[in-house]
Amino acid sequence: MPDRIVSGRRLRLPVFIALLIMGGGLGGCANIGDGAVSGAFVDPATYDLYDCPQLDAQRKSLAVRTATLQGLIEKAHTGVAGAAVAEVAYRNDYITTRASAKLADETWRRNGCDAASTAQQTPASEPRVAPRRSDGAVK
C-alpha cells in the first residue's frame, strides 16, 4: 500500500507540470491582440483590388462585426466561467476581424480614400439593363 501512494505522487508531479506548460502556452495565444502577430490571421493582398466605395463598405461591415464580437465577449464574462467561454468561443474570430479591419484601414489610407470621394464614386441611380426582345434575348 505505501508503494502505491509513492508512485501516485510521482505521477502527479509530471502531469501537473505538463498541464501547467500547456496552460501557459495556450494563455499566450489568448493575448495576441492587435500586435504584429495578428497580421498572420489575414491575407495581406485581400483588399488590394478594392476601390474606395468597396473599402468603405468593408470597413463599416468589419466595424459592426468587431463591435458585435466585443459585446459577446463582455456578455460572456458576466457568466460562470465566462472568461474561458469568451476565449474559446469568440477570441479567434475577434482577432481575425480586428486584423482584417486594420488591413482595410491601411489599404484605405494607401489608396488615398476619404469619405467625400467615396460619396462621389457611389452611383446615384440603378445600373442600366439592356432591353430584352420578346423571345428573351438581349438586343
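In what follows, every heavy atom counts, from backbone to side chain, and hydrogens, waters and symmetry copies are set aside.
For Lys75, there are no side chain to side chain donor-acceptor pair (under 3.5 Å) partners, not counting sequence neighbours. Not a single side chain to side chain donor-acceptor pair (under 3.5 Å) links Glu106 to another residue, sequence neighbours left out.
The two atoms that bring Thr46 and Asp43 nearest to each other are OG1-O, 2.7 Å, heavy atoms only. Residues Val85 and Ala76 come closest through the heavy atom pair CG1-CB, 4.3 Å. Looking at every heavy atom in both residues, Leu62 comes nearest to Ala104 through CD1-CB, 4.2 Å.
The shortest side-chain heavy-atom distance between Ile73 and Tyr94 falls under the 4.5 Å cut-off. With contacts defined as side-chain heavy-atom distances shorter than 4.5 Å, the pair Asp105/Arg109 qualifies.
A donor-acceptor contact shorter than 3.5 Å is absent between the side chain of Ser61 and the backbone of Ala57. Side-chain atoms of Gln54 come within 3.5 Å of backbone atoms of Asp51 as a donor-acceptor pair (strictly under, hydrogens ignored).
Atom CG in Leu69 sits 11.0 Å away from atom CD1 in Ile95 (nearest 0.5 Å). Atom OG1 of Thr66 is separated from atom CZ of Arg98 by 6.0 Å, given to the nearest 0.5 angstrom. The line from CG of Leu55 to OH of Tyr47 is 8.5 Å long, rounded to the nearest 0.5 Å. Rounded to the nearest 0.5 Å, atoms OG1 (Thr107) and CZ (Arg59) are 10.0 Å apart.
Note on residues 69-93: no pairs pass ring-ring contact (aromatic ring centres under 6.0 Å, His included), not counting sequence neighbours.
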